[in-house]
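A short worksheet on the structure shown next.
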Amino acid sequence: MQLPPSLQRALERLVATQPSAALEQAATTLSTRYREASAGNAPAINSLLEAVAYAAWRMPATYAALRAVFQRLAEAQPDFAPTRMLDIGAGSGAAIWAAAAQWPSLRRIVALERQPAIARIGEQLAADADLPPITWQRADVLALDRLPESDLVVMGYVYSEIEPAARAILLSRLWKATAGALVMVEPGTPAGHATILGARAELIKRDASILAPCPHTADCPLAAIGDWCHFAQRVARPAFQRRLKGAAAPFEDEKFAYLIAARRGAPPVNGRIVRHPITHSGRIELRICTAQGLQHITVTRSQGEAWRRARDSAWGDGWENDPPKDIGDSGAE
Ligand SMILES: C[S@@+](CC[C@H](N)C(=O)[O-])C[C@H]1O[C@@H](n2cnc3c(N)ncnc32)[C@H](O)[C@@H]1O
């Protein structure tokens with residue numbers, strides 16, 4: 001996946017406003033602070049320099065994960081055409097760019113962000129872009145009793161920054177504001193998945209339809225074996241980012257966990273591929289999450305149509321069982 005050229009150019013211009021040594025230092029400090037932060041204890045972005053560093057360091061990856069998740073939502077509901085979007089903890093606006101790329105139907109966006117420095121960067125990046133009108137609201141979402149009703153409500157890499165005691169009430173406000181779909185993305189770590197599972201349980205209590213990744217509302221079979229559900233999106237690293245990170249690889253793989261809850265609909269698939277398919281000569285092994293638990297299936301070349309589907313499938317795709325040939329792995333690998 002590539003960043004939209006207009007976003008890449010806007011980031012390049014932004015990065016050029018700061019001395020590169022200071023930017024590198026700020027990015028390193030920020031990334032250490034993020035790694036050391038505990039749940040609900042988010043590191044502050046204290047200055048414009050740090051906000052630019054955040055955008056340069058993280059925005060390509062968070063954009064890519066959000067874009068991948070929005071594609072899953074569009075797959076699940078091809079007729080979903082949101083006009084109103086609410087982006088909670090918008091940061092530098094990755095979700096806005098990703099949603100605008102997915103849904104040309106968007107007409108107005110509210111970006112809620114409590115840290116003024118990063119909101120300013122988000123605003124600056126979007127200033128000359130071909131994006132729907134955005135209202136930037138500098139506010140703490142926890143201080144707002146009511147949120148504007150929106151077709152698409154997004155919380156990208158934010159929920160884990162909310163202190164655990166405040167999460168259920170926030171989620172109920174978010175769900176109340178959701179006219180269409182609520183999308184949450186978190187880091188693809190055991191903690192990120194646990195955060196998503198907490199939100200999933202709350203939303204199921206409120207009769208939300210879980211569209212993805214789970215093809216069911218039963219307990220998570222990965223969590224039951226001490227594993228965690230996550231996916232990955234490869235994204236090209238712009239030159240400024242390779243310099244900033246001192247990284248030679250022209251891409252990075254962003255691991256993420258996610259949840260799409262909707263007002264209507266049912267899971268569009270009866271299985272989800274939860275690991276990279278393993279291809280051998282003449283057979284492909286798939287690990288699939290289903291309502292009946294984890295299934296480890298082997299599809300052979302002789303299976304014709306199923307073989308073609310398996311060959312074209314990737315980690316994160318849906319899988320229609322017909323029915324699966326369970327070779328007995330319902331436990332940890
Ligand atoms: C890790 S950043 C993610 C930014 C953006 N959503 C993205 O995906 O790149 C989390 C953002 O959420 C914001 N945030 C955290 N708690 C918040 C709250 N209670 N109200 C508003 N914003 C909040 C932070 O200030 C920060 O900008």
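Start at 1 and go down the list; that is how both ligands and their atoms are numbered. Counting begins at 1 with the first residue of the sequence.
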Are [X] and [Y] ion-paired here, with the side-chain N under 4.0 Å from a carboxylate O?
X	Y	result
Asp151	Arg107	no
Glu149	Arg84	yes
Glu202	Lys205	yes
Arg283	Glu285	yes
Arg263	Asp207	no

Among [options], closest by any non-hydrogen atom to [atom]:
atom	options	answer
atom 27 (O) of ligand 1	Glu186, Glu113, Gln115	Glu113
atom 5 (C) of ligand 1	Ala90, Ala94, Ala143	Ala90
atom 10 (C) of ligand 1	Tyr63, Tyr157, Trp97	Tyr157

Does only the side chain of Ile88 get under 4.0 Å from ligand 1, or the backbone, or both, or neither? Count heavy atoms.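 The answer is neither.
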Enumerated ligand 1 atoms positioned under 4.0 Å from heavy atoms of [X]:
X	result
Ala139	20 (N), 21 (C)
Ile118	27 (O)
Leu66	8 (O)
Ile162	16 (N), 19 (N)

What's the separation between atom CD in Glu113 and atom CG in Asp140, rounded to the nearest 0.5 Å?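 With rounding to 0.5 Å, CD (Glu113) is 10.0 Å from CG (Asp140).
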Name the closest protein heavy atom to [atom], giving the residue it belongs to and the distance to 0.1 Å.
atom	answer
atom 19 (N) of ligand 1	Asp140 OD1, 2.8 Å
atom 22 (N) of ligand 1	Arg114 N, 3.4 Å
atom 20 (N) of ligand 1	Val141 N, 2.9 Å
atom 2 (S) of ligand 1	Tyr54 OH, 3.5 Å
atom 7 (C) of ligand 1	Thr62 OG1, 3.7 Å
atom 15 (C) of ligand 1	Glu161 OE1, 3.2 Å
atom 11 (C) of ligand 1	Gly89 O, 3.6 Å
atom 8 (O) of ligand 1	Gly156 O, 3.4 Å

Parallel, tilted or perpendicular: ring planes of His230 versus Trp315, cut at 30 and 60 degrees: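 Rings of His230 and Trp315: perpendicular, as their planes differ by over 60°.
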I'd like to know whether Arg72 forms a salt bridge (charged side-chain N to carboxylate O under 4.0 Å, His left out) with Asp317, so could you lay out the CA-CA distance, the side-chain angles of the two residues, the decisive distance to 0.1 Å, and finally the verdict. CA-CA 9 Å; Arg72 293 286 173 214; Asp317 286 349; 2.9 Å; yes
If you apply the rule side chain to side chain donor-acceptor pair (under 3.5 Å), what do you find for Gln233 with Asp253, and how did you get there? CA-CA 5 Å; Gln233 178 61 52; Asp253 291 319; over 6 Å; no
Shared ILVMFWY cluster between Trp57 and Val185, side chains joined below 4.5 angstrom?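 Yes, one cluster joins them.
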